[in-house]
Protein chains: 2
Amino acid sequence: MTAAPSEPPAPPARTRRARGAAGARRPVYDASSLLAVAVQEFNARGYDATSMEDLSRAAGITKSSFYHHVSGKEELLRAALNRALDGLFAILEEPAAQEGAALDRLRHIIFRQVEVLTSELPYVTLLLRVRGNTETERWALARRRAFDATIASLVADAVADGEVRAGVEPSLAARLLSGTVNSIIEWYRPGRPGSESLPGEVVRIVSEGIIPPA
Amino acid sequence: MTAAPSEPPAPPARTRRARGAAGARRPVYDASSLLAVAVQEFNARGYDATSMEDLSRAAGITKSSFYHHVSGKEELLRAALNRALDGLFAILEEPAAQEGAALDRLRHIIFRQVEVLTSELPYVTLLLRVRGNTETERWALARRRAFDATIASLVADAVADGEVRAGVEPSLAARLLSGTVNSIIEWYRPGRPGSESLPGEVVRIVSEGIIPPA
DNA sequence: TCGCGGCGAACGATCGTTCGGTTGCCGGGA
DNA sequence: TCCCGGCAACCGAACGATCGTTCGCCGCGA
């Protein structure tokens, strides 16, 4: 599928120069800036629908030049998914995610998960759209399921501790919780007013309900 | 991308016979059964990653035979997206979605939306993953946005009528609401126990909160 | 005999990737 | 100071594979 043409030649987001300080050499990319460009294109068109030609054009160089900096398409995907997963799993290592009542830990994780979702938006977006077509994607899916399972067991703990009122089926609650939080990537865009209050609002809304009873 | 081999030759889900009653002719597909096969494959691998070879193999015939029944890949997508969108928009035409207090109409729509999501699962799943690469996909995205906008304005009405307690930012609530409901496609599979009570549980959970305050 | 369902082969286009070659800045020996 | 060898960045062209689609033909039941 050939999507609508991505952009004009586009002012590439170049970052550094080849060497030294006042390098007269032409601007140069590093691996992470090319990854950022690639992930943006992946998210715009979908990984499979994005060609290496698309990526190199968005970077402002030719396809063969692009290959001088990166080892391949799937390697770009792997690096991006890794970044997203590392950000998410780091949350579980925080003291507030490991100590205290289950419900408090859960609320902390939700709060931080929204923060990571927004700060690492392109990478997490890519992660949440993976389908499992390659070994790389299946590995990412497995890691993601492990993260969700941790949250699900925390929800179950909270119910078992009597911290959540009866009638909430734990596994259903956990699934809807993850779905609600993850759906933020569908509409959140950085730099809009009110962004900094989003994590707190999400925690409050999943606690009190979206459309509370009259 | 070449996904893992889909299946062995696969017992194709053939539906009818060519003609007459005791037709000795080999089984034959109609357009809708081939659409069902195609949509399942699209969802398993993603639309772009699914080749016509994959589709015909899943149907148990060759690629060229497959083309004898369908006019092309994008036409299959269009038919599938249309089916999903028709199902969703039909909800808005129901009397209970048009009469009564905003909050009641909203709850009815959520209930029915979960029902349609589950009964038309493969088609709605495909719809919710469209990225907008072709004119067909952009048309589907526009229709989907119109549906979401209807719900968003209903949420705003409920807030304006004082039916929802203060502190809920209407547009944020509407987005999280849609995200929560739509996330069901990520895990719901038909035929599991408790399926019939899901719509009611979802309505209750978005009203009372997923992890209510202690 | 007609025609529908199915088939193999091939079309041009595009895919991810590789290769050989050119450019121009830079460090270091004369 | 000058020059030169090295090398990082970049490019055009092409590779084999696979893509969606088309074509001509065949077998068989009505």
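All chains are named by letter (A, B, ...) in the order of the sequence lines, taking the proteins before the strands, and each is independently numbered beginning at 1.
The base of D:dT21 lies outside donor-acceptor range of the side chain of B:Lys73, with no N or O pair under 3.5 Å. With hydrogens and angles ignored, no donor-acceptor pair under 3.5 angstrom links the side chain of B:Ser64 to the base of C:dG6.
A salt bridge links B:Arg143 to B:Asp86: at least one charged side-chain nitrogen sits closer than 4.0 Å to a carboxylate oxygen. The pair B:Arg131-B:Glu137 does not count as a salt bridge, with every side-chain nitrogen at least 4.0 angstrom from each carboxylate oxygen.
Relative to the six-membered ring of A:Tyr47, A:Lys73 meets both conditions, a distance below 6.0 Å and an angle of at most 45° to the axis.
Taking atom CZ on A:Phe66 and atom C1' on D:dA8, their separation rounds to 17 Å, with Å as the unit. Going from atom CZ of A:Arg57 over to atom P of C:dG16 covers 12 Å, rounded to whole Å. D:dC15 atom C1' lies 16 Å from atom CE of A:Met52, rounded to whole Å. One interatomic measurement links the two molecules: NE2 of A:His68 to P of C:dG21, which rounds to 17 Å at whole-angstrom precision.
A heavy-atom distance below 4.5 Å is found between the side chains of A:Leu198 and B:Leu172.
Of the listed nucleotides (D:dC11, C:dG5, C:dC7), C:dG5 has the atom at the smallest distance from the side chain of B:His69. Distances were taken from every side-chain heavy atom of B:Ile61 (C-beta onward) to each of C:dC7, C:dG5, D:dG20; the shortest belongs to C:dC7.
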